[in-house]
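To start, the structure itself, in structure tokens.
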There are 2 protein chains.
Amino acid sequence: MAKTKRSFQRVTIKDVAEYAKVGVGTVSRVLNNSPHVDQHTRQRVLEAIKVLGYFPNPHARRLSTGSSQLITVITPEMKGDFYQILMSAIDEVLFKYGYSSLLYPLYNEKKYEALKRSSDILLSTDGLIVDAVNVDKVLSNIIKPQTPVVCIEQDSDDYDSIMVDNYYGGVIAGDYFADFDMDIFVVTHRKTHELESTVFDERLEGFQESLEKKGRSIDKVYYVPLDWESTFEVARRIFYRFKRCAIFTTTDYLAVPIIEVARTMGLKVGEDVRVCGFDDLPIAQILEITTVRQPIAEMGRLAAETLVKRISGKLKEKPKKYILKPELVIRST
Amino acid sequence: MAKTKRSFQRVTIKDVAEYAKVGVGTVSRVLNNSPHVDQHTRQRVLEAIKVLGYFPNPHARRLSTGSSQLITVITPEMKGDFYQILMSAIDEVLFKYGYSSLLYPLYNEKKYEALKRSSDILLSTDGLIVDAVNVDKVLSNIIKPQTPVVCIEQDSDDYDSIMVDNYYGGVIAGDYFADFDMDIFVVTHRKTHELESTVFDERLEGFQESLEKKGRSIDKVYYVPLDWESTFEVARRIFYRFKRCAIFTTTDYLAVPIIEVARTMGLKVGEDVRVCGFDDLPIAQILEITTVRQPIAEMGRLAAETLVKRISGKLKEKPKKYILKPELVIRST
DNA sequence: CTGAAAGCGCTTACAG
DNA sequence: CTGAAAGCGCTTACAG
């Protein structure tokens, strides 16, 4: 097309070179902080950049280098402390290696559709970290097979995956509860979408089997949506009948309203009522909730480190599964 | 460099062209669904794409077209229903015009640093929507002056801005409360970071002035962090002394624990205790909370529409301020 | 409908 | 230390 001009002419590296009376290569070197540039030349170029208001075109740079120094993080949600901790840990590592992260949360069905429609959203960054989404189902056919991907909280045949042993986490909570001479309840969330992760079920399963091994059993499992309002209702229902019981919630998030209701109903939490959560979110630390600690930050860091190694080609073996151990943290509930 | 080869040779449009025995232009036309391609040729190209496992290089495409069909949304947080509603509305409009969104939440100081360090995160998408962050402070010197930007919940000298009249929202809540013969309290959040928005203060100010105009006044303002735990404490403190009062919270989020505590303490919410929130979040609808409705989705849609117009060049006037009116929604609290 | 070719704006090996 | 030039992988006006 040659003669076509953009309606608004941008200032390019060529303009800077002309103004500074140097070659484009030199401008590029200044831009990339190459040490092989004379101090005076560098000053002239910097001056030209300022005067002309030049900003480099990232697309051109990326086409040339083949890299964007960006990675995309896909999550099923965008709410909650869990993601904040995870993302902070990921960013910390990424930053160290000169990368930044962009978030693509699949908070509704449409986001997923958008992803399928224009998969190059994902091809435009150097790699992906995918949390708690069924990658093998979502990503096949969308991205190139060689795209570097690391999954968190999700098993995968094709990529590295970082998981916590949720079953074992349930087991240690069960072992702990088995000694309590009380009715035992579980409040958990039921998977509603095919792409949702199965972590809650695994925790419940471990808890249940541990209990059975010790001759105990769950008196009732309550399924709730992941919000506090519904959990308030369930808590009221439980405490209306049982003034003495032990409750295992498959995430700390659900433990909060339960403790709140118990307290306002005058029940002694930590004595009459025992509560054990899962995750060790900041809120569990603040409210002194007994919980099964999941090393969230460690998972994030490990995912980021692994991804960076894959991108740089330092890691060439076939996908590996990293399974981290959760641990019981006994606090005041 | 000419002779340099990437370590792993990617399959390009040229390979596809050779395999299908057509020119690269034709492959490109097939890729872009041009109608001017013979059915049989198209089939051959599609076949070649499949056989070779070809995926287009988005960087090359963007360099060529000058557009990425992507926009970045910057938010101060990544938690809460507010953002979900806002993002869904933004995405809905963006999708219509063939755009997708990527999130860049400034959830900690480091994210802001990362942004400053490599500003081309922002230059690599076609435009920005910035929510509740002081754009003029954050973005100057980071992006090109001509980059299309729309701000939400934040005033700006340089860009279009979409705001709700928070002061007026406070006023209508004040007008409503002025008639109640009870002590009046406010629970709100204090801005702690220079980049945080001032919406809570504006709401409080409108509320206060409206009350004073009617010869009433606020008995006490409680400042809390934006979490439920602290608000539980405050609520207990209030209801311990006052069994009858009216409480205005500058966001629905803070109204929830207050209502919960009142109820579990046996107070009649809607009679002895009056509560009015702000925002009209989903939770306010579920719990039937009286509130000042903020048209969140409308703000998102308007922001997206405006941004798309700016990008396409259809909007050429100087930056405009859109101020939407909130409205009082009286429900059962 | 199709191909050859210029151009998008950078980077970088090469030859001074 | 520096410049000229090839190349990154696309798109698209032009001339069949």
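Letters A, B, ... are given to chains in the order of the sequence lines, protein chains preceding strands, and every chain is numbered from 1.
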Output a table of donor-acceptor pairs, distance under 3.5 Å, between side-chain atoms of residues 19-29 of chain B and any protein atom two or more places apart or on a different chain; print 'none' if there are none.
| from | atom 1 | to | atom 2 | distance (Å) |
| --- | --- | --- | --- | --- |
| B:Thr26 | OG1 | B:Arg29 | NH1 | 3.4 |
| B:Ser28 | OG | B:Asn32 | ND2 | 3.4 |

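- Rounded to an integer number of Å, the gap from B:Gln69 CD to D:dC10 C1' is 15 Å.
- Summarising the geometry of B:Pro105 relative to B:Glu77, their closest heavy-atom pair is CB-O, 3.7 Å, with the distance given to 0.1 Å.
- Checking D:dT2, D:dC10, D:dA5 against the side-chain heavy atoms of B:Arg61 singles out D:dC10 as nearest.
- Distance CG (B:Leu123) to C1' (C:dG9): 14 Å, rounded to an integer number of Å.
- A:Asn33 places its CG atom 15 Å from the C1' atom of C:dT11, with the value rounded to the nearest Å.
- Comparing D:dG9, D:dG3, C:dT2 by their nearest atom to the side chain of B:Thr12 picks out D:dG9.
- Between B:Val37 and A:Phe55, the one whose closest nucleotide on DNA chain C sits nearer the 5' end is B:Val37.
- Distances were taken from every side-chain heavy atom of A:Ser64 (C-beta onward) to each of C:dG9, D:dC1, D:dA5; the shortest belongs to C:dG9.
- B:Thr65 contributes a side-chain N or O that, together with a main-chain N or O of B:Arg61, makes up a donor-acceptor pair within less than 3.5 Å.
- No more than 12 heavy atoms of other residues, nucleotides or ligands sit less than 6.0 Å from atom NZ of A:Lys14.
- Ion pairing between a basic and an acidic side chain is recognised when a charged N comes within 4.0 Å of a carboxylate O; B:Arg310 and B:Glu305 show no such pairing.
- For the pair A:Arg62 CZ and C:dC10 C1', the interatomic distance rounds to 12 Å; values are reported in whole Å.
- A salt bridge between A:Asp15 and A:Arg10 is absent, with no side-chain N of the basic residue lying under 4.0 Å from a carboxylate O of the acidic one.
- Nearest-nucleotide mapping onto DNA chain C: of B:Arg42 and B:Ala60, the residue sitting toward the 5' end is B:Arg42.
- Taking atom NE2 of B:His59 as the reference point, atom C1' of D:dG7 lies 16 Å away to the nearest angstrom.
- Ion pairing between A:Asp120 and B:Arg62 holds under the 4.0 Å rule for side-chain N and carboxylate O.
- The side chain of B:Thr65 lies closest to D:dT12, out of C:dT2, D:dT12, D:dC1.
- Atom-to-atom, CD1 of A:Ile13 to C1' of D:dA4 comes out at 14 Å; the value is rounded to the nearest Å.
- Atom CG of A:Asn32 and atom P of C:dT12 are 7 Å apart (whole Å).
- For D:dC10, the OP1/OP2 oxygens have no side-chain nitrogen or oxygen of B:Ser28 closer than 4.0 Å.
- Toward the 5' end of DNA chain D, the nearer of the two residues A:His36 and A:Val24, judged by each one's closest nucleotide, is A:His36.
- Between B:Asn57 and D:dC8, a side-chain N or O to OP1/OP2 separation shorter than 4.0 Å is absent.
- When distances are taken from the side chain of B:Leu63 to each of D:dT11, D:dT2, C:dG9, the shortest belongs to C:dG9.
- Within the 4.0 angstrom heavy-atom criterion, only backbone atoms of the sugar-phosphate kind lie near A:Pro56; the bases stay farther away.
- Note on B:Arg29: every side-chain N or O is 4.0 Å or more away from OP1 and OP2 of D:dT11.
- Every stem involving DNA chain C, taken as at least 3 paired positions in a row under the Watson-Crick or G-U wobble test at 3.5 Å, is listed here: C:1-3 with D:14-16, C:5-12 with D:5-12, C:14-16 with D:1-3.
- Between B:Lys321 and B:Asp155 there is a salt bridge, with a side-chain nitrogen of the basic residue lying less than 4.0 Å from a carboxylate oxygen of the acidic one.
- For A:Asp15 and C:dC8, the CG to P distance is 11 Å, given to the nearest whole Å.
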